[in-house]
Amino acid sequence: MGPDVGTAPRAAASPGADSRSALRRLAGTRETSVIGALVVAVLAASLLVEGFASGRNAGFLILDIATIALIALPMTLIVITGEIDLSVASTLGLTSAVMGQLWVMGLPLETIVPLCVLLGVVLGAVNGLLVTVAGLPSLAVTIGTMAMYRGLAYVVLGDRAVADFPFEWTGGATARIPGTDLPWVVLLIAVLGGVFGVVLHATPVGRSLFAIGSNDEATRFSGISVAWTKLWLFVASGAVAGLAGVFWTLQYGSARADNAFGLELSVVAAVLLGGVSIFGGKGALPGVLAGVLLLGVIRNALSLADVSSDVLSIVTGVLLVVSVVLPTTITRLRERRPRAAPS
Amino acid sequence: MMRKRIRYGVTAAALAGVMLAATACGGTTRGDDSGDGSGGGAQGEADPNAEIPEGLAISFLPKQLNNPYMTYANSGGQEAVEELAGEFKEVGPSEANASSQVSYINTLSQQGSDAIVIAANDPDAVCGALNQARQAGSVVVSYDSDTNPDCRDVFINQATAEDIARIQVEMVAEQIGGEGEIAFLSATPNATNQNTWLELMEEELAKEEYADIEVVDTVYGNDDDQKSFNEMQALLQSHPDLAGVVAPTTVGLAAAARYLSGSDFKGEVVLTGLGTPNQMQEYVADGTVEEFALWDPKDMGYLAGYAAASLSAGRITGAEGETFEAGRLGDYEIGANGEVVLGPPTVFNADNIDDYDF
């Protein structure tokens, strides 16, 4: 998976080194290796696992990872700035609970849905203000709000489940785009992915995110409002988590306070697997989407092959440890190299 | 500076706009529900003489894997499927989560499983996936915990709530000699099944034959071992004349027995309720508890296996009044709403407790 770091000095000595090392740099980026791994996984699963290569299964797979994909988009930007948002799954749970409660109270869904997204905005803003104004580390803040939002969800809905949503809505959430096997949510992911991708990779805002993640002191001195930027990121994260709460509730046709319990870990896992550095400053959105898909493909293929769920979580865990350990090790090796070179 | 802020603001507003646009639609409120899908079960004609083909793929999807109760239940399912020369499979999530079962249902549906036998963690969250699986040709049997009746063909009910209530009242009345104060140690105040049983037990106790029995308290252990233990302790201290305690929850019963066995009330206060033989074995052996009850989960799984095969073969369709044969358990009839009741709960005591392992 990783680039062959050790051979780089020798390559530099040979003719045509420039183009070759550029090629190597491309091959060596984390995004390309994740995308490569995804291609390999899809090919292997298609060949080896019966039932994997079908449109119907692709539809199942996408519905399975849709929520993770949605929430991973703003999470990518947040992690690139060196922060994290662990409250996303609780935000989802709270919006789901509120959605159920408002529905029981008789509000129309057309009003409930924007209100739920707005609630996500507010919850995200709370995180953002605690991080920026109060200057607290996002890890601590969002661990706190993770518990708090989940607690509020239970206050709103308790152990109850609200499930009498109309079929046009619940069925619509899992319905396929006519003529294809892909669910409609693919479009939502594509649109939001496009927006976040453009912001991250093609705007000054995006460049400032990388700068903040690499060195937030220096970025501040260069005139970029680090606090303002981070505040908006947490708001976006909350909004998407709220939207995901709506989608989740309709997808499963059941509003519950415990919805998506523990999902924040899958999201962070996908983001790291997608090549974003947990220390900030490095990463790309296509890599993250490939990471989300890779996790989905592995889960789907292994369960089609009747591998038990325990083995499945071990496999995912190992993948993650590798994807976090590998880049760190490579960086260490790179740092050591110049000193070793003269001898 | 100001300009930068505006730029961030515009970006955020654009994001929000996209999201709203993506979710907006017509105009729907609660109440104008225009009927959803097909009513449960009963499609087509049943042919009671249809052969059960060999090699039926019958898949069990418990609430979670590695849960001893579910494992034992599924051993009955395996027994039934093997008797019918089918292919038994057990898959499921490692955590009992409302939505985690859905991807397993999708996998089974993709694999072309002939029958899915499911204990649902959430009656509605699994519905969409189950109905897709049915459209793809599976039959669906729920056992232990039902799904919404719209998305399964048959539900194997462990026992009727009336039977469960009646047997617990019988056990406690007999053991306290027909008179005295009793109390309930339940799970959570809002657990639907617990509350139904409590209500029915009160109804049963209102009968003349139980006129000398008085319910003095109901406490809740939240299905937490330590909380139940403490509640049992408090119960015995606040009611010095208490003759018996009924705990209609396996966690509560075991915790209460643990307290009772180490206290001065052992042998003085009667304890009974719903429990599993493995949890209660030592308390029956040391005389803390004389008798308690529960359904036999293995028989439940066995019956579910036969129901699944009979459905798949077309012997039954899930309509009320149809009957099917279930191996060593004999014949069963489908009741209202596609429900099949396993039978009255099994009473466990020193004589038979060693015959069970769950």
Side-chain angles (χ1 to χ4, degrees), chain A residues 50-51 54 56-57 60 63-64 103-104 106-110 113-114 117 121 158-161 163-164 166-171 174 187-188 191-192 195 199 205 223-225 228-229 232 235-236 239-240 243 246 248 251-254 256 258-261 299-300 303-304 306 308-310 313, chain B residues 1 4-5 7-9 11-12 14-16 18-37 64-66 89-95 97-100 102-107 109-112 122-129 132 136 148 188 190-192:
Chain A
E50 194 188 339
S54 83
R56 185 153 165 269
N57 188 50
F60 287 148
L63 277 176
D64 226 19
W103 176 248
V104 169
L107 259 65
L109 277 172
E110 290 71 19
V113 171
V117 178
V121 168
D159 284 351
R160 288 180 297 143
D164 57 347
F167 181 73
E168 309 93 78
W169 285 70
T170 54
T174 54
L187 286 185
L188 182 62
V191 170
L192 285 183
V195 172
V199 168
V205 177
I224 290 170
S225 173
W228 200 246
T229 312
W232 278 114
V235 169
V240 173
L243 184 64
V246 170
W248 182 289
Q251 180 187 4
Y252 296 112
S254 176
R256 293 172 64 112
D258 67 348
N259 271 350
F261 187 83
R299 269 212 311 237
N300 178 276
S303 68
L304 275 177
D306 288 333
S308 95
S309 53
D310 303 328
S313 57
Chain B
M1 197 67 213
K4 194 143 282 159
R5 291 191 181 196
R7 196 188 300 143
Y8 287 122
T11 314
L15 283 181
V18 166
M19 286 181 248
L20 291 187
T23 49
C25 245
T28 321
T29 48
R30 193 172 194 251
D32 61 45
D33 191 353
S34 54
D36 34 68
Q64 69 183 123
L65 287 185
N66 307 325
K89 178 150 74 176
E90 183 186 28
V91 293
S94 42
E95 271 170 58
N97 214 316
S99 46
S100 54
V102 168
S103 65
Y104 288 93
I105 298 168
N106 289 344
T107 302
S109 151
Q110 181 65 20
Q111 289 171 333
D122 180 313
D124 295 288
V126 291
C127 259
Q132 282 190 25
N148 187 321
T188 57
N190 49 7
T192 324

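For the numbers below, each heavy atom of this structure counts, side chains included, while hydrogens, waters and symmetry mates do not. Keep in mind the model is a prediction, meaning the values are calculated, not measured.
- Among B:N66, B:V91, B:D122, B:V102, the residue making the largest number of heavy-atom pairs under 4.5 Å with chain A is B:D122.
- Neither the backbone nor the side chain of B:S100 comes within less than 4.5 Å of any heavy atom of chain A.
- Both the backbone and the side chain of A:L304 come within less than 4.5 Å of a heavy atom in chain B.
- Heavy atoms of B:Q132 lying under 4.5 Å from chain A belong to its backbone as well as its side chain.
- Side-chain contact check for A:N300 and B:Q110: no donor-acceptor pair (N or O, by modelled atom type) lies under 3.5 Å.
- How far OG of A:S303 is from CD of B:Q111: 7.5 Å, rounded to the nearest 0.5 Å.
- The candidate from B:S109, B:A136, B:C127 with the greatest count of non-hydrogen atom pairs under 4.5 Å with chain A is B:S109.
- Residue B:D124 comes nearest to A:G253 through the heavy atom pair CB-O, 3.9 Å, listed as atom of the first residue, atom of the second, then distance.
- By the neighbour-count criterion of 12 heavy atoms within 6.0 Å, atom OH of B:Y104 is densely surrounded, having more than that number from other residues, nucleotides or ligands.
- The greatest number of non-hydrogen atom pairs below 4.5 Å with chain B, out of A:D306, A:D258, A:N259, A:L187, is found for A:D306.
- In this structure, the portion of A:S254 lying under 4.5 Å from any heavy atom of chain B is its side chain and not its backbone.
- Atom CG of A:N57 sits about 8.5 Å away from atom CG of B:N106, to the nearest 0.5 Å.
- The residue among A:L63, A:T174, A:L107 with the most heavy atom pairs within less than 4.5 Å of chain B is A:L107.
- Options B:P123, B:G92, B:S99 differ in how many heavy-atom pairs under 4.5 Å they form with chain A, and the most are formed by B:S99.
- At a 4.5 Å heavy-atom cutoff, the contact between A:R56 and chain B is made by backbone and side-chain atoms alike.
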Step-by-step side chain to side chain contact (heavy atoms under 4.5 Å, CB included) determination, B:Q64 to A:S309: CA-CA 10 Å; B:Q64 69 183 123; A:S309 53; over 6 Å; no
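- Residues that satisfy the side chain to side chain contact (heavy atoms under 4.5 Å, CB included) test with A:D64, not counting sequence neighbours, are A:R299, B:S103.
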